[in-house]
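Input: a single structure, listed below in structure tokens.
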Amino acid sequence: MNGRMGVVSGRYRSLSDRAGEDTAPRTVIELFGRMDDGRSVCLLVHGLRPTFEIAPIGQWKVEDEIAPFLKDRLRSVATMDHVADIRGPEVKWTMLGQRPVWTVEVEQPFHVPALRKALKSQSWQVFSGDIPFVNRLFLDADLGAHVAFSGEVVDERNADGPLLKPSVLDAGGGGRYAVDVTVVTSVDRLEPTPPFQVPYRILSFDLETSIEHETVLCAAACIEDLGSGKRHSIPYTGTEPEILEALTATVLEHDPDIITGYNIDNFDLPRLADRTNILQRGRGSEGSIALFGWGRAPPLETELKRQRDALLPKRQSNRAWNLAGRVIMDTWWQARQALNPRRETLSFVATLLFPDDEAKHKMDVDASKMDEEWAARPEEVLTYCVRDAELPLDILQAIQAVRRKEAVAAVAKVPFETAANGSTSQLIDSLVIRLADQQQVAVPLTGSAEAKEGQITGGYVHDVEKGLHPWIAVLDFKSMYPSIMIGHNICYTTRLEGSLDDVEQPDNVHRSPTEVVFRHQDERKGLVPFLLEDLMAQRDEHKAALRAAKNESDELAVGFHDAMQYAVKILMNSFYGVFASGFYRFTHRDLGSSITAWARQNIKTIIAAVEAEGHGVVYSDTDSIFVRCPIDANAPRMLSDDEREAVEKGDTAALEKRDAHLAAVEEMVAFGTKLAQRYSKDAAVLEFEKGLSVFFSHGAKKRYIGNVVWPAEEMLIRGYETQRTDSFPYLTSTMRQVFRFALADQGDQLVEYARERVRALKQCTVPPSEVVLAKSCKGRVLRTPVKSADDVDFHKDYTNPNSMAQVRVAKQRIELGLGFTSGMKVSFLVTDAKKRPMEVAPWLDTEGDGGEVTYDGLFYAERLAAAVGRITEIFDWNAKDLMAGNRQRTLFSFGT
DNA sequence: TGTGACCCCTAA
DNA sequence: TGAGTTAGGGGTCACA
């Protein structure tokens, strides 16, 4: 058959010799995924052998012969246990110049770590020795997330046959896989294919559990087909084994590619794993498989023993959960990443995303009293369980999590699983290593770079001029760090050390402000600049296609190209971070510091030049400058609501004011565009990004606001408390209003408003829900479920845990039976700040404003006054004045 | 009352 | 033992 699939994940099987046969060791890769026609598939891929590379340490010139002693050493390598073959040499580029490199083939992938270690100790330099075997397939065959294949069908879901079906075993499989179709193929019958939206199937589930007995009371699942958009939900009741087995049967029947739920990583999955361990007693492996055998692997005892990608979901320490052939994607984690919500409970996120849909967030079941609720009204509990199984699908849909990860997988050429749960360096590795292989660049091991000594210097931040500034043009560099890497050919493979002897044209190099020298691209183009240029071109293509799709109102294409261009952008911006990190395989401490040094030089040069032209620069951060425009300061900066209304009615004065405003905006656009154009140079493209009719800062870096009038009208706020998730709602809304007054230059109203708001807090007339604080809390979970504060070790993350409010709150939550997850945001009220440390009480989502908790009004008033006071100070009122309600100034207070 | 250590979170 | 980076503001606590 022929087919196209989206790859979900892969793993390998080592085939041992069958009795009596003298066959060479073989390794088969199982690629799991879903085809464009909607069928799930397992490809059994043959023909790839595990290898790594070695080179001798020591001087060598390309014209040198291979010395006899080296040949001897190679022969001894060939006789080592588990070495199957040695091939080479091939001349490859390494940090120490061109080197002869031999490929060592081993019997099985799991032999590599020990051999690598042994060879290192025998003074061999090892390359490509830490690349997971499945990745090797993607690199060698240049595959991405979408693969076209041909092969022979060896099993189908509806076909007959025993678990150990001969056709599957003969094809190198382990038994019948839990997929629609199983296909045997080989490396040379796979090829990359253009990205398409895979009709993935998602299963979301939720458990209700007894707090007292830690048992599962009931469960629910909801299955969604992304191809048709169809969904259906299933409730589960009965005895605990019945529930677990029915849930497992649903997974196998509906065969999802992605499994989700809300906080399943830290709650539902650990619970299912624990309960499975207890319930299977006396039933052995068969019991485990029936209760929790969710993977696509054959339901065999041997499949339980795998460390990862097993038949049962597993996780190593605190990493993501994994299982054979499917991806576990926690909606809690996805929502947190995409939305950075102030609180992280399911009901809070649902309210945030679906404010008008009451049914999605009302809470009629008290989860903290689940045993009583279950006893008293099981039907309501089950109804909410079903809803909470469906909600994660709504949330994933709203934040486009699956489509975005799919786009990242396509751009980075990795399986969906790597895009969903992998690290940034894995994405970069996928692109860089395949190019290195093409260009005969040896691939160093992770951790082989010299450690970075201390931090590198980062971006330049210009002092802010405090106060109100009319008519400010914001210019910024387009993809600054990627442009610098391209423009100066910055790469691991182009950095020159010491003498420039082997450089053809010693004058024709890039020399950074920190005196690091990079080879010119005409002589040797770096891997990173090459990849970044390609990504930039891809982004332009998708942006063009996006515009075209928008014109044709092709919504499907709009979604696709938008996700793709966004994924390219994310990936491009990840390069700098990875290459500036201390541990990445292709890094050197001079790379990151050269990039930022060039960036600082660029921006500082421009600031100086613009100022020399007579245009003040009020602020600048890393890649942006805020420039005063030569526009009449009296030009109207904005129109009030009344004035807008008057414009609608054709009022002459209002129309005149509007026209004067628009004329000034146009002047600013012309000025900004021209300035950006004049200061763009080669790869360093400066763009006029925004026009502000007013800019305001109280004088702190990274904290400013502006009234944006171009390209669209909006209020811009950066850094201030309104942006922070560890602030409280009353402070946030107060500041937002204060900013409106500030931008309108209405100092008197601003101060009056601020005083009133501080007074309300002091008198505790503000509802408690408006003063809820939230902070994330770390800690190592020692035992699950977390039932007492002793089950979490806070000392690993905190020097003095109890001095941190969020830790004290987390401990109280644990005692209330609410569980704990490392990194979760905990919400709380300050009840008495005079105590040291301050007294805090957890804020539970089920609480309304009628609760008994009372907050410390004075504390909140002081915090509000402090935050707002920084703004009002510009208008001559400080925090103390705000607290007092009047200004404590006399004639004699000056200068004392 | 001032200061430094520690921490969270944001801008870029 | 896992892994994108640095710059920066500001809150809390402990202690002089």
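Residue numbering restarts at 1 for every chain, and letters A, B, ... go by the order of the sequence lines.
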Provide, to the nearest angstrom, the distance between the [atom1] atom belonging to [X] and the [atom2] atom belonging to [N].
X: Ile603(A); N: dA11(B); atom1: CD1; atom2: P; value: 18 Å
X: Lys778(A); N: dG2(C); atom1: NZ; atom2: P; value: 16 Å
X: Asn800(A); N: dC7(B); atom1: CG; atom2: P; value: 9 Å
X: Leu773(A); N: dC9(B); atom1: CG; atom2: P; value: 12 Å
X: Met824(A); N: dC8(B); atom1: CE; atom2: C1'; value: 17 Å
X: Arg718(A); N: dA12(B); atom1: CZ; atom2: C1'; value: 10 Å

Check this one for me: any side-chain N or O of [X] less than 4.0 Å away from OP1 or OP2 of [N]?
X: Ser581(A); N: dG4(C); result: no
X: Lys701(A); N: dG8(C); result: yes
X: Tyr704(A); N: dA12(B); result: yes

[X] to [Y], cation-pi by 6.0 Å centre distance and 45° axis angle:
X: Arg757(A); Y: Tyr730(A); answer: yes
X: Lys413(A); Y: Phe138(A); answer: no
X: Arg404(A); Y: Tyr566(A); answer: yes

State whether the distance check finds a donor on one side and an acceptor on the other, under 3.5 Å, for side chain Arg836(A) versus base dC13(C). no
At under 4.0 Å between heavy atoms, what does [X] touch on the DNA or RNA strands: base, sugar-phosphate, or nothing?
X: His698(A); answer: sugar-phosphate
X: Ser624(A); answer: nothing
X: Asp476(A); answer: nothing
X: Gly592(A); answer: nothing
X: Asn802(A); answer: nothing
X: Arg600(A); answer: nothing
X: Met804(A); answer: sugar-phosphate
X: Arg703(A); answer: sugar-phosphate
X: Ser574(A); answer: nothing
X: Ile428(A); answer: nothing
X: Gly458(A); answer: sugar-phosphate
X: Tyr798(A); answer: sugar-phosphate
X: Thr457(A); answer: sugar-phosphate
X: Arg870(A); answer: sugar-phosphate

End-to-end bend of the helix from dT1(B)-dA16(C) to dA12(B)-dT5(C) (five-pair axes, 10° rounding)? 10°
Hey, can you tell me if His510(A) and Trp598(A) have their rings parallel, tilted or perpendicular (30° and 60° cut-offs)? perpendicular
Do the side-chain N and O atoms of [X] and [Y] include a donor-acceptor pair separated by under 3.5 angstrom?
X: His698(A); Y: Tyr720(A); result: yes
X: Ser430(A); Y: Arg434(A); result: yes
X: Lys405(A); Y: Asn421(A); result: no
X: Lys681(A); Y: Asn602(A); result: no
X: Tyr619(A); Y: Asp463(A); result: no

What integer number of Å spans the P atoms of dA7(C) and dA3(C)? 24 Å
Can you check the distance between dG4(C) and dA12(B), where both ends of the measurement are the C1' atom (answer in whole Å)? 14 Å
Please indicate yes or no: is the ring centre of Phe583(A) less than 5.5 Å from the centre of the six-membered base ring of dA3(C), with the two planes inclined by under 30 degrees? yes
Out of [options], whichever nucleotide has its closest atom nearest the side chain of [X]:
X: Gln455(A); options: dG10(C), dT5(C), dT6(C); value: dT6(C)
X: Thr622(A); options: dG4(C), dG2(C), dA12(B); value: dA12(B)
X: Val461(A); options: dT10(B), dG8(C), dG4(C); value: dG8(C)

Nearest-nucleotide check on DNA chain C, Ala580(A) vs Tyr460(A); residue mapping nearer the 5' end is Ala580(A)
Would you list the protein and nucleotides 2-4 of chain B atom pairs, both N or O, that sit under 3.5 Å from each other?
none

Show me the donor-acceptor pairs, under 3.5 Å and distance only, between side chains in residues 568-577 of chain A and residues at least two apart or in other chains.
from: Asn573(A); atom 1: ND2; to: Lys569(A); atom 2: O; distance (Å): 3.4
from: Ser574(A); atom 1: OG; to: Ile570(A); atom 2: O; distance (Å): 2.7

Would Thr831(A) and Glu839(A) satisfy side-chain hydrogen bond (donor to acceptor under 3.5 Å, both in side chains), going step by step from the backbone distance to the final call? CA-CA 6 Å; Thr831(A) 51; Glu839(A) 188 183 86; 2.8 Å; yes
First locate atom OG1 of Thr587(A), then atom CZ of Phe583(A), and finally report the distance between them rounded to the nearest 0.5 Å. 9.0 Å
